[in-house]
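Accompanying notes for the structure given below.
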Amino acid sequence: MIKACIFDLDGVIVDTARYHYLAWQRLAKELGITFSLEDNERLKGVSRMRSLEIILEIGGKTMDEKSKEQLAAKKNQWFVDYVNAMKPEEIYPGVKKLLNHLRTMGLKVALASSSKNAKTVIKLIDIENEFDAIVDGTMTTRTKPDPEVFLLAASRLGLVPSDCVVFEDAEAGVEAALNAGMKCVGVGSPKQLGKANMIIPRTGDFPIEKLNSL
Ligand code: BG6
Ligand code: MG
């Protein structure tokens, strides 16, 4: 019996994955690196620093730690500028209804994001009070596909992994959920999320009646 749903944030609850992409693309352009939407799939779900390292690998460049810190900070400032201009209506359709529905069924709901900006984002879209537990990139040391973020969310809820279902839009996130010993609903395309137990095009489309047969 499933007792909790754990949600990734960027690309699952709100379209901030697009802002991460725009900011990374701008940085890649400055560095003279061609960075495609397909390349961007590798960045989804992974930490800021690991994302930068992947872009540098794509461009065949190496850099010292200090320069990497400066570039990551620059990208983050652009991302934060996009996010601050965001409207609460940018939350994906049906997400608030789904969160409410799960809670009225007596399930716990948690947020588990790699982002250090997660709390800012959920405040801006006015859902900061909708979660029984929140785990973000400021509380973890290992990036997805490591299961740390999901295991921490389950433990904050007082539950074991097999009680939990994760909602994820990233290949690394689906792997992290499965590595945690949890079920996973992939949100997006089967091309990236093929390992998930179920794939839906949008979070709001989740058929709640299937929760216990994943
Ligand atoms: C994840 C995103 O949620 O957070 C990644 O999918 C992002 O694209 C990562 O790099 C870290 O985010 P932040 O806000 O800490 O740079
Ligand atoms: Mg995501």
Side-chain angles (χ1 to χ4, degrees), residues 5-28 35-58 68-84 86 90-92 95 110-125 127 131 134-150 152-153 165-178 180 182 184-189 192-193 195-196 199-204 206:
C5 291
I6 303 179
F7 291 84
D8 172 51
L9 175 65
D10 299 313
V12 167
I13 287 182
V14 61
D15 197 9
T16 34
R18 182 165 58 101
Y19 299 138
H20 280 294
Y21 172 61
L22 291 174
W24 283 127
Q25 201 188 37
R26 187 167 165 187
L27 190 78
F35 174 64
S36 68
L37 252 182
E38 202 183 332
D39 293 328
N40 187 58
E41 289 300 322
R42 293 177 59 198
L43 269 53
K44 284 187 180 172
V46 307
S47 70
R48 193 180 306 166
M49 192 44 81
R50 183 63 200 129
S51 298
L52 174 61
E53 285 165 2
I54 293 171
I55 290 177
L56 293 174
E57 277 165 34
I58 290 169
K68 286 201 285 187
E69 291 291 347
Q70 283 168 350
L71 290 178
K74 195 171 185 178
K75 178 268 172 182
N76 188 54
Q77 189 52 56
W78 289 330
F79 175 74
V80 169
D81 290 344
Y82 287 128
V83 160
N84 283 332
M86 198 168 79
E90 288 182 50
I91 187 167
Y92 282 133
V95 169
L111 185 81
S113 168
S114 303
S115 175
K116 294 186 162 106
N117 293 297
K119 285 197 176 149
T120 309
V121 171
I122 59 171
K123 256 191 208 126
L124 280 164
I125 55 173
I127 54 164
F131 300 98
I134 294 172
V135 180
D136 67 22
T138 65
M139 304 168 191
T140 54
T141 53
R142 296 184 298 276
T143 192
K144 298 171 187 174
D146 188 284
E148 182 184 20
V149 70
F150 296 130
L152 189 54
V165 170
V166 170
F167 288 71
E168 256 296 346
D169 70 313
E171 188 173 359
V174 171
E175 280 176 31
L178 300 177
M182 299 177 182
C184 187
V185 175
V187 180
S189 152
Q192 282 85 32
L193 311 175
K195 291 185 193 153
I199 300 171
I200 53 176
R202 300 179 317 169
T203 307
F206 180 64

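Please read these numbers as outputs of a predicted model, since none were measured by experiment. Counting starts at 1 for both ligands and their atoms, following the listed order.
- In this structure, the ring-ring contact (aromatic ring centres under 6.0 Å, His included) partners of F167, at least two apart in sequence or on a different chain, are F7, F206.
- In the model, N117 has no side-chain atom that pairs as donor or acceptor with a side-chain atom of D10 under 3.5 Å.
- Within ligand 1, the atoms closer than 4.0 Å to a non-hydrogen atom of N117 are 13 (P), 14 (O), numbered from 1 in the order shown.
- Ligand 1 has no nitrogen or oxygen under 3.5 angstrom from a nitrogen or oxygen of F79.
- Panel note: side chain S114, backbone T143; no donor-acceptor pair is recorded below 3.5 Å.
- For a threshold of 3.5 Å applied to N or O pairs, the pair formed by K44 and ligand 1 contains no separation below that value.
- Proximity of S51 to ligand 1, defined as any heavy-atom pair under 4.0 Å, is confined to the side chain (atoms from C-beta onward).
- For the pair S115 and ligand 1, the shortest N or O to N or O distance falls below 3.5 Å.
- In this structure, L27 and W78 approach most closely via the heavy-atom pair N-CZ3, 3.6 Å.
- For atom 7 (C) of ligand 1, the closest non-hydrogen atom on the protein side is V46 O, 3.4 Å.
- Of all protein heavy atoms, the one lying nearest to atom 16 (O) of ligand 1 is R48 NE, 2.7 Å.
- For the Mg ion (ligand 2), the nearby protein N/O/S atoms, meaning those under 2.8 Å, are D8 OD2, D10 O, D169 OD1.
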request  = Using the salt bridge (Lys or Arg N to Asp or Glu O under 4.0 Å) rule, take E57 and R50 through it: C-alpha gap first, then chi angles, then the decisive distance, then the call.
outcome  = CA-CA 10 Å; E57 277 165 34; R50 183 63 200 129; 3.1 Å; yes
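- E53 places a side-chain heavy atom less than 4.5 Å from the side chain of K68.
- Residues V166 and M182 come closest through the heavy atom pair CG2-SD, 3.6 Å.
- Shortest non-hydrogen contact noted between I91 and I13 is CG1-O, 3.5 Å.
- With respect to atom 15 (O) of ligand 1, the closest heavy atom belonging to the protein is K116 N, 2.7 Å.
- With respect to atom 6 (O) of ligand 1, the closest heavy atom belonging to the protein is G45 N, 2.8 Å.
- Regarding atom 2 (C) of ligand 1, its nearest protein heavy-atom neighbour is D10 OD2, 3.5 Å.
- Closest non-hydrogen pair, F35 versus A28, comes out as CB-CB, 3.6 Å.
- Minimum heavy-atom separation, V187 to G11: CG1-O, 4.3 Å.
- At distances below 3.5 Å, not a single donor-acceptor pair connects side-chain atoms of E148 with backbone N or O atoms of T140.
- For the ligand labelled ligand 1, residue L43 lies inside the 4.0 Å heavy-atom shell.
- The shortest separation from a heavy atom of A170 to ligand 1 is not under 4.0 Å, leaving the residue out of contact.
- At a heavy-atom cutoff of 4.0 Å, ligand 1 is contacted by no atom of L9, backbone or side chain.
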task = Carefully, step by step, assess I55 and L43 under the rule side-chain contact (heavy atoms from CB on, under 4.5 Å).
result = CA-CA 9 Å; I55 290 177; L43 269 53; 3.8 Å; yes
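- With a 4.0 Å cut-off on non-hydrogen atoms, H20 touches ligand 1 through its side chain and not its backbone.
- Of all heavy-atom pairs spanning A196 and C184, the tightest one is CB-O, 3.6 Å.
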